[in-house]
Each structure stands twice: as structure tokens, then as C-alpha cells.
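Notes follow the structure.
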Amino acid sequence: MTKVITYGTYDFLHEGHIRLLKRAKALGDYLIVGVTAEDFDKSRGKINVGQSLMERVEAIRQTGLADKIIIEEYEGQKIDDIRRYEADIFTVGSDWEGKFDYLNEFCKVVYLDRTEGISSTEIRSQNQELRIGLVGETNIVNKFKNECRFVNGVKVSGIFANGTGYLDDELKKLISETTSFEALIDKSDAVYIASKPSEHYNQVKTALENGVHVICESPVCMTQSEFSEVSAIAEEKRLVLMDGIKTAYSIAFNRMMLLIKGGIIGETLSVDTTCTSLMDIDDNCLPPHIWNSICAWGPTALLPIFKILGTDFKQIMKFSKTLPSHRDFDLFTKVSFLYDNAVASIKVGQGVKSEGEMVIAGTKGYIYVPAPWWKTDYFEVRYENPSDNRRYFYQLEGEGIRYEILSFLNLIKGKVSYNQVSPKISSKIIRIVEEVSDTK
């Protein structure tokens with residue numbers, strides 16, 4: 001019996017896929033089909049998968065062409081599978097020609113011509129075309145615009161900004177085309193808001209009231225009462241209001257959260273995060289596109305604490321160093337949290353420099369994430385015996401922004417996003433921003 005093995009994502013299974021599977025089946029007597037898991041696709045930078053793994057597996061099963069269906073989850077699995085199932089032939093589409101020649105050592109490799117004019121990419125684009133308007137003049141707007149290009153079906157409809165700030169030349173040219181926030185809403189299905197935090201509430205509310213989905217850089221609002229109000233509007237109108245903390249969507253961060261929940265370091269007793277950037281800030285001339293420390297870095301620093309320890313802390317202690325003439329602008333802030341069975345702290349600063357690391361301590365060991373931890377593709381799990389230490393590497397694409405955009409799309413389409421920052425965490429982040437601001 002001749003066994004044939006092939007692999008693919010098989011997103012929105014179409015006639016081109018089926019023809020390839022039929023030709024693969026014809027090469028032998030027994031066809032093994034490997035369906036690539038979302039996590040493995042993401043690790044390779046392929047994030048536009050529109051269907052869940054189980055949906056894609058079921059679509060392959062219903063064709064009746066596969067004698068066995070397996071899941072591809074890691075680099076190097078093809079060799080393992082060829083050996084495990086004693087495959088005689090490995091086959092894929094001709095667009096991969098030469099890529100898998102190394103497998104000739106283990107079996108025969110056959111490249112099949114693909115069907116022209118049929119593409120899952122085009123199908124995804126048709127299914128999720130979304131016009132996103134940009135708001136703000138910080139550098140993160142440039143990054144968001146650039147990452148939109150990696151998500152099929154997303155189109156930047158324009159930008160509204162009060163000034164040019166850190167915007168690149170492409171966005172500067174677009175500013176004159178949209179002279180008001182309302183004009184941007186009229187040409188958009190959704191908006192990405194990264195304006196000055198004090199402007200978030202009015203812009204979020206206006207967008208939602210006009211039937212436009214919102215993804216907003218955290219903090220979404222400056223007070224919990226404002227957040228409750230806009231959340232209620234979003235729920236009433238069945239719109240997505242998403243907290244935009246890009247770290248929440250990176251592969252490494254989510255893998256780390258799963259390991260912690262799985263008890264890899266035992267019971268977590270302490271979480272300490274540091275986020276700083278040393279900026280040249282003039283007390284007499286403060287640019288509007290520069291945020292204060294608690295708004296610029298606070299949400300990111302608070303995210304792992306609330307993800308790991310929850311939001312039910314019992315006590316907080318705060319310290320801030322502010323500008324003499326701008327008491328609402330903190331150059332540096334430290335907040336410590338006391339839980340029933342744990343402690344945590346954040347250090348954030350726009351006018352101070354410190355090592356931007358994260359340390360999570362547990363009863364069995366600890367996790368160390370080097371600077372800048374919020375953009376990490378690497379972290380270590382360390383134990384008393386150094387020989388037991390483990391290192392984890394995950395490719396980071398676009399600082400997590402492209403995965404953030406994809407999650408936003410999935411939410412709009414009614415799908416669950418397990419990486420989404422929960423409303424409870426968003427509300428607690430706003431509470432800390434509010435309390436720190438009250439101390440000035």
C-alpha cells in the first residue's frame with residue numbers, strides 16, 4: 001500500500017484545494033492530510049486564517065478524500081509524521097517547489113500544479129472588507145497603519161489628527177482629506193483611536209453613537225463612569241469596543257500566560273513590571289502628542305498583573321513625580337498592589353530610565369522576561385537548579401499589532417477572541433489611571 005501525506009491550512013476550502021487533494025489521493029492508496037493549527041501559522045507570520053481549526057478539519061473530513069486527518073503544530077513535524085505513518089510520498093502545491101526537497105531523504109517528494117484564479121486570500125478579503133479610520137498623531141498610528149497591510153480585507157480609510165506629531169509622510173498627506181472626526185466616521189466602518197487620552201471618551205462615544213466599531217489605545221477613557229457609559233452604548237448597538245494593548249495579542253505573552261496558569265512556577269506570589277522611555281520633555285512647552293507616564297505605559301504594565309493575579313486587589317500605594325507646571329503629567333509613577341496571597345508593582349516613566357523587565361515569582365520557580373518585555377519573543381522559566389531552566393522563543397510579528405487587528409476583525413464577525421482585554425481589566429486600568437491622577 002502506497003501512503004501519501006500532504007499539508008495545508010485549507011482556510012475556506014475551495015475547488016482549488018479539492019482538486020489538489022484529489023490529485024494527491026491519486027498518487028497512492030492511502031491519503032494523510034495534515035491541517036495546520038492557527039498557532040503554528042501565527043508563528044510563521046501567517047495570521048489571516050478566517051476559520052477555526054475544527055471548522056477546517058471538518059471541511060476536509062466532509063470531502064471524503066482523507067483516510068486520516070492529523071494536526072500540524074510544530075516546526076519539523078513533517079519529518080516526524082513521515083516516519084510515524086511510514087509515508088511513501090509527500091506532496092504539496094507547486095508554489096512550494098524546492099522548499100521541501102530536503103524530505104527526499106525520507107520519502108518521494110511530488111509538487112502538484114495549483115489551480116489558477118482560486119485563492120483563500122481573495123475569499124477572506126471578500127468576507128471581511130473593513131474600512132478603518134485612524135485617529136491621532138503618535139508613532140503607534142504609523143505602526144498600526146503599516147500592520148493593516150498584513151491583514152486581508154482591511155483598508156485604511158483616512159486619518160484625523162490635530163497635528164502631524166510623529167506621523168510619517170504617507171499619513172501627513174492624508175490629513176488634509178479628513179478635516180474633522182465626523183468626516184472620518186462617515187467614510188469608516190471602524191476607527192482606531194490613539195489620540196490624547198483626554199480626548200478618548202468623546203471620540204469613542206461619538207463613533208459608537210454613529211454605528212462605528214472602535215479599537216482604542218488604552219486607557220479607553222479617563223474615568224470609570226465614562227467607560228461604563230461607552231460600554232453600555234456599544235452593547236446596546238451591538239458594536240465592538242476593544243481595548244488596544246498590543247502586548248495582549250503577542251504569541252509569547254499568551255504562551256507565558258498559559259504556562260503560568262498551568263502551574264509551571266507553582267503559585268504566583270509576585271509580579272513586577274517596568275516600562276520606561278527617557279524623553280526630552282520641556283516643562284514650558286509640552287507637545288500634545290506626548291502622553292504622561294501612567295497613560296502611556298500604565299495599561300501595558302498593569303496587563304500581566306491583572307491577567308495573572310486578577311483585579312481584586314485589597315490595597316494600593318502610589319508615588320508620582322510630576323512636572324512643576326503640569327501637575328497632570330507624571331514623569332515617573334510607581335504603584336504597588338496588595339492581594340490576599342500575593343503582591344505586585346509597576347514602575348512607569350516618560351522622564352526616567354530603568355531596566356524594562358518583568359519578573360513573575362512563584363513557589364516552584366520564576367519567569368524572567370528581559371527588556372523590552374512588552375515586545376518580547378523570548379522568556380525564561382528559572383528554577384533553584386539551573387539545569388532545570390527552560391527557554392522559550394516565539395517569533396514576534398509587528399509587535400502584536402497585526403494579531404490585535406485580526407482579533408478586532410473576528411470580534412466584529414461575531415467570533416470569540418480569547419486574547420481580548422476583558423472589560424473588567426479595562427475598567428481596573430482606568431481606575432488606576434484615575435487614582436494616580438487624583439494624587440497630583
Side-chain angles (χ1 to χ4, degrees), residues 39 42-43 45 140 143 218 243-278 293-294 296-311 313 332-337 339 342-350 352-404 407 418-421 425 428-429 432:
D39 289 343
K42 286 181 180 180
S43 72
I140 191 68
K143 294 179 180 179
S218 202
D243 197 328
I245 306 177
K246 63 180 184 294
T247 302
Y249 304 90
S250 71
I251 294 174
F253 182 80
N254 283 285
R255 283 294 175 275
M256 185 171 59
M257 292 299 109
L258 289 174
L259 288 172
I260 292 169
K261 289 181 180 179
I264 196 168
I265 59 170
E267 181 185 358
T268 302
L269 299 182
S270 174
V271 181
D272 297 290
T273 63
T274 300
C275 302
T276 65
S277 52
L278 191 57
S293 299
I294 193 61
W297 285 118
T300 300
L302 291 165
L303 177 68
I305 293 174
F306 293 157
K307 280 271 191 179
I308 298 167
L309 300 178
T311 57
F313 51 84
F332 171 80
T333 289
K334 179 173 181 178
V335 184
S336 298
F337 299 85
Y339 289 79
V343 293
S345 71
I346 67 167
K347 290 189 293 184
V348 296
Q350 292 279 63
V352 66
K353 194 62 184 173
S354 184
E355 185 71 14
E357 63 186 9
M358 175 165 61
V359 179
I360 304 164
T363 54
K364 294 181 180 178
Y366 71 98
I367 292 177
Y368 172 73
V369 190
W373 71 261
W374 55 91
K375 294 196 293 185
T376 189
D377 55 3
Y378 163 76
F379 61 88
E380 295 183 19
V381 179
R382 296 177 177 177
Y383 297 99
E384 185 71 20
N385 184 353
S387 63
D388 294 331
N389 292 355
R390 304 179 193 177
R391 297 179 178 181
Y392 294 83
F393 298 86
Y394 298 94
Q395 185 174 356
L396 179 66
E397 299 286 350
E399 299 182 20
I401 297 173
R402 65 184 65 171
Y403 306 134
E404 179 183 34
S407 292
Y418 295 104
N419 301 337
Q420 182 189 9
V421 179
I425 289 179
K428 287 294 183 179
I429 287 173
I432 300 304

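Please read these numbers as outputs of a predicted model, since none were measured by experiment.
Here CZ of Phe379 is found 10.5 Å from CZ of Phe393. Values are rounded to the nearest 0.5 Å. Note that CD1 of Ile305 and CD1 of Ile425 are 11.0 Å apart. Values are rounded to the nearest 0.5 Å. The line from CD1 of Ile346 to CG of Leu302 is 4.0 Å long, rounded to the nearest 0.5 Å. Taking CG from Leu259 and CD1 from Ile265, the interatomic distance works out to 9.5 Å, rounded to the nearest 0.5 Å. Annotation: the span from Lys246 atom NZ to Glu404 atom CD amounts to 8.5 Å, rounded to 0.5 Å.
In Lys334, the NZ atom is not crowded: 12 or fewer heavy atoms of neighbouring residues, nucleotides or ligands sit closer than 6.0 Å. Surrounding NZ of Lys364 are at most 12 heavy atoms belonging to other residues, nucleotides or ligands under 6.0 Å away.
Taking 4.5 Å as the limit, every side-chain heavy atom of Arg255 sits out of range of all side-chain heavy atoms of Tyr392. Thr311 has its side chain out of reach of Phe337: every pair of non-hydrogen atoms, C-beta onward, lies at least 4.5 Å apart. Inter-residue side-chain proximity for Tyr368 and Asn389 is flagged as unmet; no heavy-atom pair is nearer than 4.5 Å.
Of all non-hydrogen atoms in Ala342 and Leu309, the two that sit nearest each other are CB-CD2, 3.8 Å. A pairwise comparison of heavy atoms in Gly365 and Tyr383 identifies CA-CD2, 4.0 Å as the closest pair. Pairing each heavy atom of Lys307 with each of Gln420, the nearest pair is NZ-O, 4.1 Å. Taking every heavy atom of both residues into account, Asp243 and Ser218 meet most closely at OD1-CB, 2.8 Å.
Judged as a side-chain hydrogen bond (donor to acceptor under 3.5 Å, both in side chains), and not counting sequence neighbours, the contacts of Tyr366 are Arg382. Residues that satisfy the side-chain contact (heavy atoms from CB on, under 4.5 Å) test with Thr274, not counting sequence neighbours, are Thr276, Lys347, Ser354. Every side-chain contact (heavy atoms from CB on, under 4.5 Å) that Ile260 has, sequence neighbours left out, goes to Met256, Met257, Thr268, Ile308, Ile360, Ile367.
Here the options are Trp297, Tyr249, Phe253, the test is ring-ring contact (aromatic ring centres under 6.0 Å, His included), and the partner is Trp374; only Trp297 passes.
Thr273 contributes a side-chain N or O that, together with a main-chain N or O of Ala301, makes up a donor-acceptor pair within less than 3.5 Å. In this structure, the side chain of Thr247 does not engage the main chain of Thr300 through any donor-acceptor pair within 3.5 Å. Without hydrogens or angle criteria, Asp272 side chain to Met358 main chain gives no donor-acceptor distance under 3.5 Å. The backbone N or O of Ala361 sits nowhere less than 3.5 Å from a side-chain atom of Ser270 that would complete a donor-acceptor pair. Side-chain atoms of Ser293 come within 3.5 Å of backbone N or O of Gln350 as a donor-acceptor pair.
By the 30° and 60° cut-offs, the orientation of the rings of Phe313 relative to Tyr339 is perpendicular.
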Item to complete: Carefully, step by step, assess Asn254 and Tyr403 under the rule side-chain contact (heavy atoms from CB on, under 4.5 Å).
Response: CA-CA 12 Å; Asn254 283 285; Tyr403 306 134; over 6 Å; no
